[in-house]
Amino acid sequence: MSSQYSKESLTKKIVEASGQNVFSCNLCGKCTAGCPVAGVMDIKPHQVVRLVQIEPKILLSSKAIWLCACCLACVTRCPKQIDIPKLMESLRTMILSKGVDFLEYTQDLLTLLPIQAMVAAKGRYTSVNLPVRQSVRLEKYFTRERIKAPIKGETHN
Amino acid sequence: MPIKAIAKALKLDIVEIPGICCGAFFTTNPADMYGAVRTLLDARRKGNELMTTCALCYNVLAQTNFTLKKDQDKREQITAFLGEEYSGEVEVLHFLQFLRDRVGFDKLNEHVKVSLNGLKIAPYYGCLLLRPYEVTKLDNPEHPTIFEDFLISIGCEPVDFPYKTECCGSYLAAVSFDAVIEHSYSIINSALTNGAEAITVACPLCHFNLDQMQERIRLRYQELNETPILYYTQLLAVALGIKETLGFDQHFVNPYRLLTKVLPS
């Protein structure tokens, strides 16, 4: 996937899609200091901004873009108001638009997650709809009794 | 839902609208905004303000509103799809904001029937109520006080703790349990070390991460005490003396152990 873009064009694409001026970054690291998931990220938020400037291809295969919870703590604290979640979102969209799904609904997840988390995660991690075949918990929504379409020729009494 | 009973007890002038799912999380993609815009259109037919109790809905609706006010392209795209123009006229309010600005916490205090005196509650804001500040303008994004004022007005003792505006990980449980467990642990632990007996939340995903995931957190951190997680509306309903079922039976950590102190038997 990453081979489709040259370095400059990918940086330009991310900047355009997110509308963020990544070149104004001070690299102060306030975003990483306040990030709740920086501990489990392979590339830290301030490094993401720097990598968008110099080597954006690495980001397309990173875990960090999928771990951002969009809590916006970094945006609130950034002295340059760079919206890092938007950068992450534009990178995710770039991958998802190829029809790839990042999320796999395991049995464990389906019985655990509340519907709000499912809807939010679906919007973030999948390019298409919920995998109906696998969704055990959502089955009741799909198998509920539907209004039957009137059969041709049948008359209503 | 206790909100209808609360509205009745406080004699609030509110109308329920049909509305559909707002999408649970805001994205800049207009295709994800249709649900929120349809809800806002429903609201516009009934009035000019939309009040919601959920932090997720509040955030999505407010951000959609804000985006459509400013972004001509997205507005045109959505108008073309829905066949009705919407440009952010409806004001989106969170229930806490509604209680502060329209009802007033002093007035609210006069309606309190059950004393919650002595309950030490940690107000956990999470992220969606406060951020982004230029959109929600609910309170200071780093040092908010609206939840504390609310808790004082219904007779609880608010506990200040450093993690009150930190993110709990929201839907991240879908991809990484580690991130959620570590962060929810820090939040609960921080509230407990500051002397809280329970944590109150405004967001269904905060509730999931702190309440339902607590079992998994306590597997890793066995020294952590069981901490009841309550919705602010449940606390308010208890304070107003509402007898309806408040959904405590659906919690994962038993809140009755704490509430028997204050609930009239």
Side-chain angles (χ1 to χ4, degrees), chain A residues 17-20 30 34-42 63-78 81 83 85-90 92-93 96-97 101-106 108-127 130 141, chain B residues 21-29 31-33 35 54-57 59-60 63 71 126-128 130-136 140-142 163 165-184 186-187 203-209 211-213 215-216 250:
Chain A
S18 63
Q20 303 305 311
K30 266 191 166 187
C35 179
V37 283
V40 289
M41 277 181 173
D42 50 351
K63 255 169 62 186
I65 56 172
W66 305 102
L67 286 170
C68 170
C70 277
C71 75
L72 305 178
C74 49
V75 191
T76 315
R77 289 164 195 172
C78 180
Q81 279 90 44
D83 200 328
K86 279 214 179 105
L87 290 178
M88 308 270 200
E89 195 195 325
S90 61
R92 278 200 302 265
T93 316
L96 292 178
S97 63
D101 281 356
F102 186 74
L103 184 63
E104 200 184 323
Y105 287 96
T106 57
D108 193 22
L109 279 188
L110 288 163
T111 44
L112 182 78
L113 288 189
I115 193 80
Q116 292 92 345
M118 296 273 252
V119 176
K122 183 210 151 243
R124 292 278 148 158
Y125 300 127
T126 63
S127 53
L130 279 171
Y141 294 104
Chain B
C21 178
C22 60
F25 240 88
F26 179 76
T27 62
T28 43
N29 181 2
D32 292 341
M33 288 182 198
C54 166
L56 282 164
C57 301
N59 192 277
V60 173
Q63 289 216 59
D71 199 324
C127 15
L128 297 166
L130 305 165
R131 300 191 284 261
Y133 175 65
E134 70 268 23
V135 177
T136 64
N140 186 315
E142 297 283 0
Y163 277 80
T165 65
E166 285 280 317
C167 176
C168 61
S170 63
Y171 54 85
L172 273 188
V175 288
S176 165
F177 279 133
D178 256 17
V180 169
I181 288 175
E182 290 301 323
H183 225 69
S184 302
S186 317
I187 292 161
C203 166
L205 286 183
C206 297
H207 194 272
F208 162 72
N209 284 334
D211 183 70
Q212 194 174 342
M213 291 292 276
E215 201 188 330
R216 285 170 194 246
Q250 290 173 33

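Convention: sequence-line order gives letters A, B, ...; per-chain numbering from 1. All values below come from the heavy atoms of this structure, side chains included, with hydrogens, waters and symmetry mates left out. This one's a predicted model, so the numbers in the text were calculated from it and none came from an experiment.
Using a 4.5 Å cut-off between heavy atoms, B:Phe177 contacts chain A through its side chain alone, with no backbone atom that close. Of the atoms belonging to A:Cys68, it is backbone heavy atoms, and not side-chain ones, that fall under 4.5 Å from chain B. Residue A:Lys86 touches chain B through its side chain alone, counting heavy-atom pairs closer than 4.5 Å. Only the side chain of B:Phe208 comes within less than 4.5 Å of a heavy atom of chain A; its backbone N, CA, C and O stay farther away. If you measure heavy-atom distances from B:Ser176 to chain A, the contacts under 4.5 Å come from the side chain alone. Neither the backbone nor the side chain of A:Val75 comes within less than 4.5 Å of any heavy atom of chain B.
Going from atom CG of B:Asn59 over to atom SG of B:Cys203 covers 9.0 Å, rounded to the nearest 0.5 Å. From B:Leu130, atom CG reaches atom OG1 of B:Thr165 across 7.0 Å, with rounding to the nearest 0.5 Å. The OG1 atom of B:Thr27 lies 9.0 Å from the CZ atom of A:Arg92; values are rounded to the nearest 0.5 Å.
Contacts with chain A were tallied for B:Glu134, B:Glu182, B:His183; B:His183 has the most, counting heavy-atom pairs under 4.5 Å. Interface summary for chain A: among B:Pro141, B:Ser186, B:Gly126, B:Cys167, the most heavy-atom pairs under 4.5 angstrom belong to B:Cys167. When the candidates B:Ala174, B:Cys127, B:Ala24, B:Cys54 are compared by the number of heavy-atom contacts under 4.5 Å with chain A, B:Ala174 comes out ahead. Ranked by heavy-atom pairs under 4.5 Å with chain B, the first of A:Val37, A:Asp83, A:Leu67, A:Thr93 is A:Leu67.
Here the side chain of A:Asp42 pairs a donor or acceptor atom with the backbone of A:Lys63 at under 3.5 angstrom. Side-chain atoms of B:Arg131 come within 3.5 Å of backbone N or O of A:Cys71 as a donor-acceptor pair. A side-chain donor-acceptor contact under 3.5 Å links A:Ser90 to the backbone of A:Leu87.
When the shell of 6.0 Å around CD of B:Glu142 is examined, it contains more than 12 heavy atoms from other residues, nucleotides or ligands.
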